[in-house]
Peer 1: 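Take a look at the following structure, please.
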Amino acid sequence: MSGIRIHNLEVKYDQVTALKDVTFEIKENEFLGIIGPNGGGKTTLVKAILGLIEPSSGTITVDHQDVMGYVPQMTTFDRQFPITVMEVILMGHLPKEIKIGHRFNEHDRHHAMMVMKRLKIEHLRKRQIGQLSGGQMQRVLIARALMNHPSILILDEPTASVDEKTKESIYRMLKELNKKMTVIMITHDTALMWPYLDRVIYINKTVHLHDQATNGKMTEVMDTCPIDWFIEGEKIQKELLIGKGAKND
Ligand SMILES: Nc1ncnc2c1ncn2[C@@H]1O[C@H](COP(=O)(O)OP(=O)(O)OP(=O)(O)O)[C@@H](O)[C@H]1O
């Protein structure tokens with residue numbers, strides 16, 4: 001494993017330039033937070049890293065030994081689809097070329113049980129996904145992503161629509177996983193995430209790095225950041241204050 005290097009990345013969707021002049025590295029075993037405004041290019045960046053979309057120009061270098069696991073936004077899932085937790089998690093272990101009638105073997109099921117135990121969801125294995133809470137569903141999706149033994153885990157807003165207690169438990173679980181893998185997480189959850197992250201990048205078409213944005217040092221970060229971050233940062237700071245009981249005017 002040797003991290004991810006992104007150089008002069010540009011991604012366009014027809015006339016829309018989603019990312020431009022993006023150059024930075026993600027270090028091995030880092031816990032990186034990606035923040036930024038809606039439409040700023042966060043999902044585009046992780047999809048480019050995953051190889052799901054082709055850059056218009058620039059390069060993304062990932063060590064050939066690295067395996068990536070992806071937890072997409074939960075809204076992309078049809079929760080009414082009749083499938084059990086065990087079946088969803090096993091799908092994380094499907095071969096690249098699926099033959100009709102593919103069956104999972106005992107080894108696959110044993111591995112799925114191990115992953116479920118690690119995430120403390122083994123009691124949910126027979127449950128239909130439509131009967132899960134938001135936090136349980138997120139754990140299931142993370143378990144599915146772990147089935148291929150990733151060295152890099154990428155999550156797109158894993159704590160959207162869950163309560164604060166559940167968010168904290170998901171962050172603690174990701175911090176535990178981060179002992180053995182790089183974790184890259186898109187989040188809008190500025191208030192709770194800071195203590196867990198090594199580094200934050202702010203994306204609004206291009207990237208601003210904030211090495212010191214850890215342990216709640218929001219004010220120091222804002223003192224040193226570029227103007228568009230600062231403007232967005234003011235909003236974030238306001239959210240933090242509102243979270244601590246300040247008045248929302
Ligand atoms: N498939 C697509 N076709 C055309 N434009 C797209 C497509 N996907 C994204 N875009 C555009 O690219 C830009 C970046 O979108 P992206 O989804 O990467 O942002 P984001 O930061 O993840 O946003 P959000 O926080 O709302 O999820 C936006 O202007 C969006 O409208």
Side-chain angles (χ1 to χ4, degrees), residues 4-26 30-60 62 68-79 134-135 137-138 141-142 145 152-162 164 166-167 170-171 174 182-194 196-197 199-210 213 218 221-222 225-240 242-243:
I4 300 170
R5 285 176 300 285
I6 298 167
H7 186 69
N8 276 347
L9 179 72
E10 179 171 289
V11 179
K12 284 184 179 173
Y13 300 100
D14 298 323
Q15 303 306 313
V16 178
T17 301
L19 294 172
K20 193 171 165 43
D21 298 331
V22 174
T23 297
F24 73 107
E25 286 190 21
I26 301 170
E30 183 167 21
F31 193 164
L32 179 77
I34 300 178
I35 62 171
N38 292 120
K42 303 177 295 296
T43 301
T44 301
L45 176 68
V46 300
K47 284 188 173 169
I49 292 172
L50 286 155
L52 297 175
I53 47 179
E54 191 72 29
S56 316
S57 61
T59 55
I60 300 174
V62 183
M68 291 194 260
Y70 180 41
V71 182
Q73 287 184 9
M74 200 158 62
T75 47
T76 58
F77 283 85
D78 177 3
R79 298 277 297 276
M137 186 64 197
Q138 280 297 357
L141 297 179
I142 294 168
I152 301 170
L153 183 64
I154 302 180
L155 307 103
D156 197 343
E157 297 190 46
T159 53
S161 25
V162 296
E164 293 219 342
T166 309
K167 282 180 184 178
I170 290 174
Y171 290 148
L174 292 174
T182 306
V183 179
I184 302 168
M185 179 177 70
I186 296 176
T187 181
H188 287 284
D189 193 11
T190 49
L192 287 172
M193 70 178 195
W194 299 102
Y196 299 92
L197 300 171
R199 210 159 50 124
V200 171
I201 61 171
Y202 173 77
I203 298 191
N204 191 1
K205 277 214 174 103
T206 191
V207 156
H208 307 294
L209 279 172
H210 296 283
M218 192 68 191
V221 171
M222 282 170 64
C225 54
I227 189 72
D228 57 344
W229 155 268
F230 185 76
I231 291 164
E232 188 65 21
E234 269 191 334
K235 279 193 227 153
I236 294 169
Q237 182 74 351
K238 205 169 170 194
E239 277 173 30
L240 285 169
I242 290 164

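Note that ligands are numbered from 1 as they come in the structure, with each ligand's atoms numbered from 1 the same way. Everything numeric in this text was worked out from a predicted model, so none of it was measured.
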Peer 1: Given I6, which of I49, L19, T23 fulfils the side-chain contact (heavy atoms from CB on, under 4.5 Å) condition?
Peer 2: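 Only match with I6 under side-chain contact (heavy atoms from CB on, under 4.5 Å): I49.
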Peer 1: Any side-chain heavy atom of L174 within less than 4.5 Å of one from L155?
Peer 2: yes
Peer 1: Is a salt bridge present between E25 and R5, judged by a nitrogen-to-oxygen distance below 4.0 Å?
Peer 2: no
Peer 1: Can you tell me how far the CD1 atom of I170 sits from the CE atom of M193, to the nearest 0.5 Å?
Peer 2: 15.0 Å
Peer 1: Measuring from atom NE2 of H188 to atom OG1 of T159, what distance do you get when rounded to the nearest 0.5 angstrom?
Peer 2: 10.0 Å
Peer 1: What residues sit with at least one heavy atom under 4.0 Å from ligand 1?
Peer 2: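 Contacting ligand 1 under 4.0 Å are Y13, V16, A18, P37, N38, G39, G40, G41, K42, T43, T44, Q73, H188.
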Peer 1: In a check of side-chain contact (heavy atoms from CB on, under 4.5 Å) between D156 and each of K47, Q73, K42, which one passes?
Peer 2: Q73
